[in-house]
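Okay, so here's the structure we're looking at.
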2 protein chains.
Amino acid sequence: MQEQTDPPGEPSPGLVSTAIQAITQHIRSEGLAPGDPLPSEAAMTRQLNVSRTVVREAFRSLSAMRLIDLSAGRRATVAKLDTGAMSMVIEHGITTQQISVQQVYDVRRTIEMRTVALAALRRTDQEAAAIVQSARLMRENFKNPETVMEHDIAFHEAIAAASHNPVFSLIVTAFSGVTRRTWVIGWRTRSSDEDQLKMIKGHEDIADAILKGDPRLAAEHMAGHFDKSVKALIDAGIA
Amino acid sequence: MQEQTDPPGEPSPGLVSTAIQAITQHIRSEGLAPGDPLPSEAAMTRQLNVSRTVVREAFRSLSAMRLIDLSAGRRATVAKLDTGAMSMVIEHGITTQQISVQQVYDVRRTIEMRTVALAALRRTDQEAAAIVQSARLMRENFKNPETVMEHDIAFHEAIAAASHNPVFSLIVTAFSGVTRRTWVIGWRTRSSDEDQLKMIKGHEDIADAILKGDPRLAAEHMAGHFDKSVKALIDAGIA
DNA sequence: TCCTCAAAACCTGTATGACAGGTTGATATT
DNA sequence: AATATCAACCTGTCATACAGGTTTTGAGGA
């Protein structure tokens, strides 16, 4: 096969990259929305005049970035916005020591000062309830660090969701993986029950401010929360 | 082959995902740094007891996210932090209308208010020079929109770099693709030379503040810059 | 006519083998 | 000892095969 339809223009960055571009281009030009089906591998194979191997690797790559969803027997579909790829990139940066946990926290602080303010202004009653609920569950389970952590993460993600800007949600959620790996360290530096409950109180203050719709107060509490968290990490020797 | 070494624990999310995890796990457990080589496909094939097909698709996926670098004949290597995957995610969100340009600008504003302040505090002389240089090139080429845009983008990326937090750089750079697609729209709403030069002046003000090491002033100018940019986009009907 | 259900057609997941061409290191020649 | 050449290894791509899923279709029965 290979009847070379390629115009001898580019220095060919590999057939797979070309296929990836062709697929994303297809999504764009057809104006596909999440859930819409893509051409089958066989169709792509014919259209691009390459082997199924190449097309498959392209589909698989897009699936790894969560731009499309694959499932056996079914055609690939356009995916909803997902944080998968971003999380991987951040985690990669951390494990290869190209970025530090503290740097991530600085970015989180910057972003969440904003999400919390937006949440105070834009939250629906349901979103406010979810945020308050997460804070309450932190207190109720405060003897079980694992559970507290999960509600802590859910708390921050709920605030991001209430900002009504999915890009914020995307970024905040991408950082959750890092949080899962470092959270317990910060928790341990709060050795007494009193310290731990104080930290939970911080979350409740944030939730209250959002409930009251006071963006300035919410941002203030959030800043305090991050300052204490970062201090805890530094005390624990996380640079 | 397939001597099923798999313990019947998980519901098997597919061999490729497993392979991807094995590779990232390898990077983590071996403490690999950017540039370090990974096992060959053949080695991975033996270790995981799967076909080369599966291993290849895993490598290819990681390469698509720019976590590893592939090149013919050579073994795969751990990649430096790269914005490739994030850009793809953002672009996907835009083209599938899951996020709006304005939402991206709101995030950019939030982040760049911080990067510009950090840049004012932390920039090296060389970094300051690069920032000033970009602003100057905007003015010198102001008759050529394409060129102005590229220097504009370089300007913001240089500021992010001067923040000395690679996570900020990552995010700002990921947004550059969106900027490339919308920049000219904002430019056109500034119909007169005077308006266009005023916008360039805004960049010079930011550069000056960074040069002077005044974070508050720098942030103020950055806020003004974004407010005008967003207004221009809204005037042009970009919701 | 309409419903049910089973077979056919289509699709993806994985395995295998083959070969071209790039890269690297060892060997042999000078 | 420097260099040239070749062998071994590696990735890129292709072709084929088959095992399961999924959707479509159409035949037969209500």
Side-chain angles (χ1 to χ4, degrees), chain A residues 1-8 10-23 26-27 32 35-79, chain B residues 1-8 10-23 26-27 32 35-79:
Chain A
M1 221 174 258
Q2 251 326 45
E3 301 164 21
Q4 70 204 45
T5 320
D6 319 82
E10 323 81 54
S12 166
L15 300 186
V16 176
S17 303
T18 309
I20 290 177
Q21 262 200 295
I23 297 165
H26 176 90
I27 294 175
L32 298 186
D36 290 348
L38 276 66
S40 72
E41 293 176 0
M44 254 335 179
T45 292
R46 281 190 298 275
Q47 182 189 324
L48 299 178
N49 247 306
V50 295
S51 73
R52 194 186 156 205
T53 305
V54 169
V55 172
R56 265 199 72 73
E57 288 185 9
F59 272 104
R60 197 56 101 158
S61 295
L62 291 171
S63 162
M65 288 186 281
R66 308 291 197 95
L67 303 193
I68 68 177
D69 290 321
L70 299 182
S71 86
R74 233 185 301 242
R75 301 240 295 258
T77 59
V78 176
Chain B
M1 223 177 255
Q2 252 326 45
E3 302 165 20
Q4 71 204 46
T5 319
D6 320 82
E10 323 83 53
S12 167
L15 300 185
V16 175
S17 303
T18 308
I20 290 178
Q21 264 201 294
I23 297 166
H26 177 89
I27 295 176
L32 298 187
D36 289 349
L38 274 67
S40 72
E41 291 176 2
M44 255 333 181
T45 293
R46 280 190 299 274
Q47 181 190 322
L48 300 178
N49 248 306
V50 294
S51 72
R52 195 188 157 204
T53 306
V54 168
V55 173
R56 266 198 71 73
E57 288 186 9
F59 271 102
R60 195 58 96 161
S61 294
L62 291 170
S63 162
M65 288 185 282
R66 308 293 198 95
L67 304 192
I68 67 177
D69 289 321
L70 299 181
S71 85
R74 232 185 301 243
R75 302 241 293 258
T77 58
V78 176

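Letters go in sequence order (proteins before strands), and every chain restarts at 1.
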Proximal nucleotide (of D/dT13, C/dT16, C/dG13) relative to the B/S51 side chain: C/dT16
Whole-Å distance separating the CG atom of B/L62 from the C1' atom of D/dT11: 16 Å
A/R56 side chain near C/dG13 phosphate (N/O to OP1/OP2, under 4.0 Å): yes
Rounded distance in Å - CD (B/E41) to C1' (C/dG22): 14 Å
Gap between atoms CG and C1', on B/L70 and C/dT23 respectively (whole Å): 15 Å
Among C/dG13, C/dA15, D/dT22, the one nearest B/V54 by side-chain distance: C/dA15
Close side-chain approach of B/L32 to B/H26, heavy-atom, < 4.5 Å: yes
Atom-to-atom span, CZ of A/R46 to C1' of D/dC14 - whole angstrom: 17 Å
Selected nucleotide, minimal atom distance to B/V50 side chain, candidates D/dG12, C/dC11, C/dA15: C/dA15
Identified side chain to side chain contact (heavy atoms under 4.5 Å, CB included) partner of A/V54 from the options A/L48, A/V16, A/T45: A/V16
Beyond-backbone contact of A/T18 with A/Q21, side-chain heavy atoms, under 4.5 angstrom: no
Nearest-angstrom distance from the residue atom CG of B/D69 to C1' of D/dT11: 14 Å
Sugar-phosphate only, base, or nothing, as touched by B/T53 at under 4.0 Å among non-hydrogen atoms: base
Separation of A/I68 CD1 from A/R75 CZ (nearest 0.5 Å): 12.0 Å
Rounded interatomic separation in angstrom, taking CZ from A/R75 and P from D/dT24: 9 Å
Proximal nucleotide (of D/dG12, C/dT14, D/dT13) relative to the B/A72 side chain: D/dG12
Distance in Å, B/S63 OG paired with B/E57 CD, rounded so as to fall on 0.5 Å steps: 13.5 Å
Atom pair distance, as rounded to whole Å: CG in B/N49 and C1' in C/dT16: 15 Å
Phosphate-side-chain proximity, A/R74 and D/dT22, N/O vs OP1/OP2 below 4.0 Å: yes
Length of the CG-C1' vector between A/L48 and D/dT13, whole Å: 14 Å
Minimum-distance nucleotide to A/R60 side chain [options: C/dA15, C/dG13, D/dG12]: C/dG13
Donor-acceptor pair (no angle test) under 3.5 Å: A/R52 side chain, C/dG13 base: yes
